[in-house]
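See structure below.
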Amino acid sequence: MMNAESSQLLLIDIQERLAPATLDGDRTVARAAVLLDAAAILGVPHAVSEQYPRGLGRTVAAVLEKADPARVFDKVHFSCQADDRLAGVLAAAGRPDVVVCGLEAHVCVLQTALGLVEAGYRVHVVADAISSRSAQDRDLAVERMREAGVGIVSTEMVLFEWLGTAGHPEFRAVSALIR
């Protein structure tokens, strides 16, 4: 199971021109924002990637306003792990569990997840916080990631595993995020 002390959160390419073009883009943005809020409450470090922001726009405001500006990175590699700066930030966190959400499931999320597994991380992709332009691409990406050893989880699984117990001092604050 995941816990807040061993986890870091990676939000991939949830961008202005990309999110509206994906299936359930609003849901993906909302779930990513919940994950980022919970990470802030529980002290889970995060990183945000932006794929070619000149073309795809910046990260959507609902996510960007919650992110630490020093932890937002533009990239041209599809895999965040292939980007030296992002790979360095993830390694420097010293946390073996990487919780991943973002766009698009069959390109940047998939390639990042596979690269992280190869690098030795325990990878958890949040199924209700990823999307693609087609259901087939999204479903195939989830299937491929699962076969590669990636944990497929939901936003609520992440939140409650990070908490561990209803007695956690931040239980009310975190559980309020999903009400």
Side-chain angles (χ1 to χ4, degrees), residues 2 7-40 44-53 55-69 71-83 85-87 89-90 93 95 97-117 119 121-135 137-146 148 150-159 162 177:
M2 295 168 278
S7 294
Q8 54 187 312
L9 176 64
L10 178 58
L11 300 99
I12 300 174
D13 306 345
I14 306 171
Q15 292 168 255
E16 296 163 335
R17 292 190 189 106
L18 194 53
T22 60
L23 299 172
D24 298 322
D26 290 341
R27 180 211 64 204
T28 301
V29 169
R31 289 304 191 171
V34 165
L35 288 162
L36 196 48
D37 284 339
V44 174
H46 69 275
V48 177
S49 73
E50 295 179 333
Q51 179 71 27
Y52 185 65
L56 295 174
R58 297 290 321 268
T59 299
V60 297
V63 173
L64 190 59
E65 67 190 16
K66 299 170 185 292
D68 177 348
R71 299 187 65 81
V72 177
F73 302 90
D74 64 302
K75 66 179 179 67
V76 292
H77 290 93
F78 296 127
S79 170
C80 292
Q81 185 61 23
D83 182 278
R85 293 168 306 143
L86 278 160
V89 165
L90 296 173
R95 294 178 179 225
D97 289 299
V98 183
V99 176
V100 177
C101 64
L103 304 172
E104 279 193 86
H106 67 292
V107 183
C108 295
V109 172
L110 172 67
Q111 291 185 32
T112 296
L114 297 177
L116 291 169
V117 167
Y121 291 97
R122 293 184 301 253
V123 183
H124 313 274
V125 170
V126 187
D128 60 340
I130 62 169
S131 190
S132 291
R133 287 168 287 143
S134 81
D137 282 337
R138 183 196 173 282
D139 295 347
L140 287 170
V142 169
E143 182 181 327
R144 187 168 174 202
M145 288 184 282
R146 183 178 284 125
V150 173
I152 307 300
V153 298
S154 70
T155 298
E156 289 197 23
M157 287 179 188
V158 173
L159 270 52
W162 279 356
L177 296 173

Give the C-alpha distance, both sets of side-chain angles, the deciding distance and a yes or no for side chain to side chain contact (heavy atoms under 4.5 Å, CB included) between V99 and M2. CA-CA 9 Å; V99 176; M2 295 168 278; 3.7 Å; yes

_With a sphere of 6.0 Å drawn around CZ of F73, does it hold more than 12 non-hydrogen atoms of other residues, nucleotides or ligands?_
yes

Handout entry: Stepwise side chain to side chain contact (heavy atoms under 4.5 Å, CB included) test for D83 and V76
Key = CA-CA 8 Å; D83 182 278; V76 292; over 6 Å; no

Here the pair of heavy atoms bringing R17 nearest to G55 is NH1-O, 2.8 Å

S131 and D24: side chain donor to acceptor below 3.5 Å: no

Interatomic distance, CG@L110 vs CG@L114, rounded to 0.5 Å, equals 4.5 Å

Test log, rule side chain to side chain contact (heavy atoms under 4.5 Å, CB included), inputs L64 and V48 = CA-CA 8 Å; L64 190 59; V48 177; 5.6 Å; no

Residues A129 and C101: closest non-hydrogen pair is O-CB, 3.2 Å

Of all heavy-atom pairs linking A47 and L86, the shortest is CB-CD2, 4.2 Å

Legend entry - Sub-4.5 Å side-chain heavy-atom contact between L116 and V100: yes

Rounded to the nearest 0.5 angstrom, the CG-CG distance for L18 and L103 is 5.0 Å

Verify, without hydrogens or angle tests, whether E50 (side chain) and T59 (backbone) share a donor-acceptor contact under 3.5 angstrom.
yes

- request: Tell me, yes or no, whether the heavy-atom count around R71 atom CZ, taken from other residues, nucleotides or ligands under 6.0 Å, exceeds 12.
  value: yes

| said: I'd like to know if the side chain of T22 and the backbone of A19 have a donor-acceptor N/O pair within less than 3.5 Å. | reply: yes

To the nearest 0.5 Å, atom CG of L11 lies from atom SG of C80 at 9.5 Å

Note: T112 and F78 closest approach over all heavy atoms is OG1-O, 3.8 Å

The reported gap from CZ in R85 to OG in S49 (rounded to nearest 0.5 angstrom) is 10.0 Å

Correct closest heavy-atom pair for S132 and H106 would be OG-ND1, 2.9 Å

### Query
Does the side chain of V150 reach to within under 4.5 Å of the side chain of V117, using non-hydrogen atoms?
yes

All heavy atoms of L9 vs all of A39, minimum pair found to be CD2-CB, 4.1 Å

query = Donor-acceptor pair, E16 side chain versus R58 backbone, under 3.5 Å?
reply = yes

In this structure, CG of D97 is separated from NE2 of H124 (nearest 0.5 Å) by 3.5 Å

*Judged by atom type as modelled, is there a donor-acceptor pair below 3.5 Å linking the side chain of Q51 to the main-chain atoms of D13?*
no

Exercise. Does any non-hydrogen side-chain atom of V142 lie less than 4.5 Å from one of R138?
Worked result: yes

Does D128 use its side chain to pair, donor to acceptor, with the backbone of T155 at less than 3.5 Å? yes

### Task
State whether the side chain of E104 and the backbone N or O of R133 hold a donor-acceptor pair below 3.5 Å, judged by distance alone.
yes

Check whether any side-chain N or O of R122 sits under 3.5 Å from a backbone N or O of S7 as a donor-acceptor pair, and report yes or no.
no

When rounded to the nearest 0.5 Å, the distance separating CG of D139 from CZ of R144 is 15.0 Å

Crowded around D68 CG? As in, over 12 foreign heavy atoms under 6.0 Å? yes

(message) If we ignore hydrogens and angles and just use 3.5 Å, is the side chain of R31 paired with the main-chain N or O of S154 as donor and acceptor?
(response) no

